[in-house]
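All values derive from a computational prediction rather than experimental measurement. By convention in this document, chain letters (A, B, ...) are assigned in the order of the sequence lines, proteins followed by strands, and residues within each chain are numbered from 1.
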2 protein chains.
Amino acid sequence: MKIGELASATATNVETVRYYEKIGLLPAPARTNGNYRSYGVAHLQRLSFIRRARDLGFSLDAVRDLLALTDDREKPCQAVDEIASRHLSEVERKISDLAAMRDELRVVIGNCRHGTVGDCKIIETLGPRVRPDPK
Amino acid sequence: MKIGELASATATNVETVRYYEKIGLLPAPARTNGNYRSYGVAHLQRLSFIRRARDLGFSLDAVRDLLALTDDREKPCQAVDEIASRHLSEVERKISDLAAMRDELRVVIGNCRHGTVGDCKIIETLGPRVRPDPK
DNA sequence: CTTGAGTCTGTAGTGGCTACAGACGGTACA
DNA sequence: TGTACCGTCTGTAGCCACTACAGACTCAAG
């Protein structure tokens, strides 16, 4: 399988595949006579795993850890659970941060009376919350 | 006001203040005899605005646009409203992306039977969804 | 035999900072 | 007066996870 086929089979950019190889996430495949990368099923499986984990928001470091764990089938699953759970809390934290942003943005936008910038409530709300001379 | 005071008054890193100056977001201030940056109230206000907008998730480019708008008080507020509204939809999109991730992560983690990696449902769920030989 | 698509390596850019290194300024205390 | 120490200065490099080239090649179709 050539890199373009692998890439399209996994909905990945060709450049990204090469990047994963460079950072050691995907093993370097054999080469054809013309020096083209030649991938097998194992590569396809591994890249699919990586993509799916990335889609779920795992960092490349986390993916690396997960991949390392899959190599030893005897290890307890706990380490995997831990990585996933840590990531879940991270995602939940991001959601609540964004939800707070969203609520505040709605208030800000809701105040807009569509006049001029001079009496724009959005600008005003964004504007300086200056503490009176902390010095 | 020295850079450290400005920074702590706005909960910003000193490096970030200098970075904002470098990219033209914050005007270069006067210097003292010893070549220290010397800020006035206008800088404090501008940086407060920037920080608040950043806290609400606006990109530096959006902040730049907002700042440009605040300079002409006669302009209609519509442009401001547009930037903010566009940003709000962006935030809402991110929230729903993350919520989808969260839901899927919960399913994945919920499947964990705490055995060994060999029969780990997390790894399995993450694992290759290989379409049978697309060639 | 040419054309065009795919692939190769290597480097640089993105956003928004953050982290140094190495030199200089300013102040508090001995 | 020395000295210790903090803050500040400039400039450069690093972070994440790619993405976008440039310039050279391989290969299959017409």
Side-chain angles (χ1 to χ4, degrees), chain A residues 1-26 28-39 43 46-47 49-67 87 90-91 94 97-98 101 134-135, chain B residues 1-26 28-39 43 46-47 49-67 83 86-87 90-91 94 97-98 101 134-135:
Chain A
M1 201 177 358
K2 284 191 288 180
I3 196 169
E5 300 170 72
L6 178 67
S8 72
T10 53
T12 310
N13 277 350
V14 167
E15 287 92 346
T16 305
V17 177
R18 286 195 285 250
Y19 170 70
Y20 286 166
E21 179 181 324
K22 197 166 81 180
I23 63 169
L25 214 53
L26 202 58
R31 297 291 182 123
T32 66
N33 286 347
N35 199 31
Y36 283 16
R37 287 171 179 82
S38 177
Y39 296 97
H43 287 102
R46 194 170 173 99
L47 183 53
F49 184 99
I50 295 171
R51 293 308 297 179
R52 181 135 170 74
R54 292 288 301 132
D55 284 348
L56 286 173
F58 286 94
S59 71
L60 289 184
D61 267 0
V63 174
R64 211 186 294 271
D65 291 347
L66 288 172
L67 282 168
H87 178 52
E90 188 66 11
V91 169
K94 276 188 197 158
D97 284 359
L98 283 171
M101 267 187 210
K135 176 137 179 222
Chain B
M1 200 174 4
K2 283 191 287 180
I3 196 169
E5 301 170 71
L6 178 68
S8 71
T10 53
T12 310
N13 278 349
V14 167
E15 287 93 345
T16 305
V17 176
R18 285 195 285 251
Y19 170 71
Y20 287 167
E21 179 182 323
K22 196 166 82 180
I23 63 169
L25 213 54
L26 201 59
R31 297 291 180 120
T32 67
N33 286 347
N35 199 32
Y36 283 14
R37 287 171 180 82
S38 176
Y39 296 97
H43 287 101
R46 195 169 171 100
L47 183 52
F49 184 100
I50 295 170
R51 293 307 297 179
R52 181 136 170 72
R54 291 291 298 133
D55 284 348
L56 287 173
F58 286 95
S59 71
L60 288 183
D61 267 0
V63 173
R64 212 185 294 272
D65 292 347
L66 287 172
L67 281 168
I83 294 173
R86 200 168 341 121
H87 177 53
E90 188 66 10
V91 168
K94 276 187 197 159
D97 285 358
L98 283 171
M101 268 187 210
K135 175 135 182 223

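For the 3.5 Å distance criterion, the side chains of A/R51 and A/Y20 qualify, holding a donor opposite an acceptor.
For B/T32, no side-chain nitrogen or oxygen approaches OP1 or OP2 of C/dG25 to under 4.0 Å. At least one side-chain nitrogen or oxygen of A/R37 sits closer than 4.0 Å to the OP1 or OP2 atom of C/dC8. Residue A/S59 places none of its side-chain N or O atoms closer than 4.0 Å to OP1 or OP2 of D/dC16. In this model, the phosphate group of C/dC17 is approached by a side-chain N or O of B/Y20 to a distance below 4.0 Å at OP1 or OP2.
In this entry the distance linking CG of A/D61 with C1' of D/dA17 reads 11 Å, nearest Å. In this structure, CE of B/M1 is placed 12 Å from P of D/dT8, rounded to the nearest angstrom. Counting to the nearest Å, the P atom of D/dC16 and the NZ atom of A/K94 are 13 Å from each other. Atom-to-atom, CD of A/E5 to P of D/dC27 comes out at 14 Å; the value is rounded to the nearest Å. Rounded to an integer number of Å, the gap from B/D55 CG to C/dG16 C1' is 14 Å. Summarising the geometry, the separation between CD1 on A/I23 and C1' on D/dC16 is reported as 10 Å, rounded to the nearest angstrom. B/I50 has its CD1 atom 14 Å from the C1' atom of C/dC17, to the nearest Å.
Of the listed nucleotides (D/dA17, C/dT7, C/dG26), D/dA17 has the atom at the smallest distance from the side chain of A/Y19. Distances were taken from every side-chain heavy atom of A/L60 (C-beta onward) to each of C/dT7, D/dT8, D/dA17; the shortest belongs to D/dA17. Residue A/R31 has its side chain nearest to C/dC8 when only C/dG6, C/dC8, D/dT10 are considered. In the set D/dT19, D/dA17, D/dC9, D/dC9 carries the atom at the smallest distance from any side-chain atom of B/I3. For A/K22, whose side chain is taken as the heavy atoms from C-beta onward, the closest listed nucleotide among C/dT7, D/dT8, C/dT11 is C/dT11.
Of all heavy-atom pairs between A/A53 and A/V63, the closest is CB-CG2, 3.8 Å. Between A/I3 and A/R18 the shortest heavy-atom distance is CD1-CG, 3.4 Å. A/R46 and A/L25 make their closest contact through NE-O, 3.0 Å (heavy atoms, listed as atom of the first residue, atom of the second, distance). Closest of all the heavy-atom pairs between B/S59 and B/R54 is CA-NH1, 3.8 Å.
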Any protein N or O atoms within reach of nucleotides 19-23 of chain C? Criterion: under 3.5 Å, listing atom names and distances.
none

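Residue-to-nucleotide proximity on DNA chain C shows that, of B/N33 and A/K2, the 5′-proximal contact is made by A/K2. The 5' end of DNA chain D is approached more closely, in terms of each residue's nearest nucleotide, by A/T16 than by the other of A/N35 and A/T16.
For B/Y36 against C/dG26, no side-chain N or O and base N or O form a donor-acceptor pair under 3.5 Å.
Put simply, the side chain of B/H87 gets close to the backbone of B/L56: a donor and an acceptor are under 3.5 Å apart.
One finds the OG atom of B/S8 at 11.5 Å from the NZ atom of B/K2 (value rounded to the nearest 0.5 Å).
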